[in-house]
Amino acid sequence: MSAAPEPGVAPPIAQGEAAVAAEEEQPWLRLDRRMLLVHPVNEIVKLLPVLLISLVIGTQSGNHVWSLVAIVVFVVFGVSRWFTTSYRIGPVHVQLRQGLFNKRLLSVPRNRIRSVDVEAGVLHRLLGLSIVRIGTGRQVGSTPDAAKFELNALSTGLVPDLRAALLARQPSPEVEHTAVTQEPAVTEIGHWTPAWVRYAPFSVTGVVTIAAIVGLAFQYGIGAKIARSSTVAEGIESAERVGIAVAVVVGIVVLLIVASGLACVRYLLTYGNMTLTDNGRTLHVSHGLLKTRQTTLDRARLRGTTLTEPLLLRLAGGARLDAVMTGVSAERRESSLLLPQAPRAEAERVMATVIGDHRQAAVPLTPHGPVAQRRRYTRALIPTEIALAAALVFLILGRPVFWVVWAGIVVLAVGGVALAWDRYRGLGHAVLPGWLITRSGSLDRSRDSLEADGIIGWTVRQTFFQRRAGVATVIAATPAGTGKYLVIDLPADQAWSLIESVTPGGGDVWARR
């Protein structure tokens with residue numbers, strides 16, 4: 001029987017019956033004992049509102065037993081996770097066994113590991129622990145956590161070697177017995193600077209945070225008490241004295257200031273000290289002030305990048321950069337971040353460095369023609385047409401239509417025209433040797449650079465209205481990122497020639513028909 005491995009140590013990856021037999025002989029390991037201090041505290045913090053309610057009930061009834069019972073239950077539940085969780089890292093599989101009443105065994109083949117994330121909250125850092133998450137890019141059933149492999153928590157000192165071993169590919173026979181393996185040089189290709197915090201307000205993060213706080217306040221009855229307080233009543237009286245319109249404007253300004261402040265704080269805490277390094281085999285992303293996170297991405301599975309430019313961020317001259325990785329799903333919000341909100345020029349520089357092609361940012365995109373432009377305007381003006389038709393119906397029926405309605409119709413029309421203009425301006429594609437570049441959107445614009453070798457199939461789709469207009473949507477299927485990347489409203493007679501230019505032999509038979 002083989003000797004018991006050290007906690008957090010991964011043997012070299014291997015295949016075959018001998019490797020499976022050796023793996024079955026390995027004992028199951030437990031997580032670090034220091035997690036007995038982490039999980040009870042985390043459970044209490046997550047259920048703090050429930051504890052506060054039980055404390056209030058106990059104070060009003062003079063019986064504090066309920067508060068003590070709730071705390072004891074959470075502590076016992078947190079401690080039980082150490083006794084019911086074990087793991088085993090073998091040469092073929094990584095296995096996780098957990099659960100008290102509902103037992104679960106998760107087994108992941110080593111050759112299916114796509115990414116390794118390392119995270120550490122404040123308490124984890126104080127105790128020298130880290131959370132290791134293994135990503136495989138798969139989803140089991142309809143529950144997101146079904147394929148979630150998380151080791152919470154391991155000693156931080158074990159993590160670097162464990163991460164390198166889990167991401168290592170099976171050595172080829174030629175290099176398997178090499179005596180000395182030279183470590184690749186690490187190059188920093190991106191670094192966060194405090195000046196980037198100016199891009200944080202140009203997102204909905206602050207507003208969402210405020211909405212969550214307000215929702216929790218009303219859910220636990222705190223909001224109702226505040227609404228009935230004398231302070232709110234005096235504020236309503238003051239608003240009536242100065243005018244409702246002025247009060248609304250002031251309220252919006254205050255909301256924007258508070259939301260911007262919250263967004264800046266969250267941005268600093270989440271992305272502070274961020275670095276992006278490259279050793280030729282892997283990309284390593286590290287960020288966070290209080291709660292740190294480290295993500296390692298295998299370059300062999302890199303299939304491109306996505307430059308995201310929401311409207312507000314685009315107006316501020318910023319962008320966000322994500323990697324398109326095989327097995328790392330963008331729709332599942334897995335680890336693909338390369339740069340958070342940053343200057344667009346810096347995002348483009350990092351993009352060119354990561355994919356090794358400095359033509360990507362400068363290449364002009366091919367517009368999709370007048371039909372695509374007309375479709376943008378037609379759809380953007382539909383709300384205006386509906387509102388105008390409703391107003392005319394009221395006039396025919398002899399009902400009054402106030403000037404506010406006509407002003408709203410004008411605003412809808414102007415906004416629709418501006419949106420259609422911006423959507424068409426952002427619509428386009430380009431083909432470089434070995435690459436497909438496509439861009440679309442206005443409120444949430446993205447520019448995708450997809451490697452041709454990563455495309456596994458093509459689809460040309462036409463809806464009823466697209467067929468009448470003579471345009472089509474070309475869909476490149478890939479096991480990376482979102483799984484599909486679209487070239488929208490391309491003239492139909494150019495669809496298969498585009499496919500042929502990206503994937504020679506993939507569209508010539510259809511282009512001749």
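The structure displayed is predicted, hence computed values, not measured ones.
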Is a side-chain donor or acceptor of Arg301 paired with a backbone partner of Thr326 at a separation under 3.5 angstrom? no

Hey, are Arg88 and Gln26 close enough side-chain-wise for a donor-acceptor pair under 3.5 Å? no

Testing the basics here: between Arg423 and Ser442, what is the closest heavy-atom pair and its distance to 0.1 Å? CG-CB, 3.3 Å

With no hydrogens and no angle check, do the side chains of Arg97 and Ser86 hold a donor and an acceptor under 3.5 Å apart? yes

To the closest 0.5 Å, what do you measure between CG (Asp278) and CZ (Arg299)? 4.0 Å

Testing the basics here: between Asp322 and Arg320, what is the closest heavy-atom pair and its distance to 0.1 Å? OD2-NE, 2.8 Å

Residues Pro91 and Glu23: closest non-hydrogen pair is N-OE2, 3.5 Å

For Ala195, does its backbone N or O pair with a side-chain atom of Arg198 as donor and acceptor, under 3.5 Å? yes

How long is the gap from OH on Tyr87 to CD on Gln98, to the nearest 0.5 Å? 13.5 Å

Point-to-point distance, once rounded to the nearest 0.5 Å, from CD1 of Ile89 to CD1 of Ile134: 6.5 Å

Under a 3.5 Å distance rule, please check whether Arg125 uses its side chain to pair with a backbone N or O of Leu290 as donor and acceptor. yes

Contact summary for Ala19 and Val92, nearest pair of heavy atoms: CB-CG2, 3.6 Å

Quick check against the 3.5 Å criterion: does Ser286 have a side-chain atom that pairs as donor or acceptor with the backbone of Thr275? no

Any luck finding a side-chain donor-acceptor pair between Trp435 and Ser449 under 3.5 Å? no

Audit row: Glu309, Arg445, salt bridge (Lys or Arg N to Asp or Glu O under 4.0 Å) steps and yes/no: CA-CA 5 Å; Glu309 302 172 276; Arg445 179 177 298 172; 5.5 Å; no

Quick one about Asn273 and His191 (side-chain donor to acceptor, distance below 3.5 Å, no hydrogens or angles considered), yes or no? no

Between Thr366 and His429, do the side chains contain an N or O donor and an N or O acceptor separated by less than 3.5 Å? no

When you compare the side chains of Asp448 and Thr306, does any donor N or O come within less than 3.5 Å of an acceptor on the partner? yes

Residues Val324, Tyr485; criterion side-chain contact (heavy atoms from CB on, under 4.5 Å); working and verdict: CA-CA 11 Å; Val324 177; Tyr485 292 87; 3.4 Å; yes

Distance check, rounded to the nearest 0.5 Å: Met35 atom CE versus Leu127 atom CG? 11.5 Å

When rounded to the nearest 0.5 Å, the distance separating CZ of Arg163 from CG of Leu158 is 12.5 Å

Measure the CZ-CG distance between Arg81 and Leu31 for me, rounded to the nearest 0.5 Å. 9.5 Å

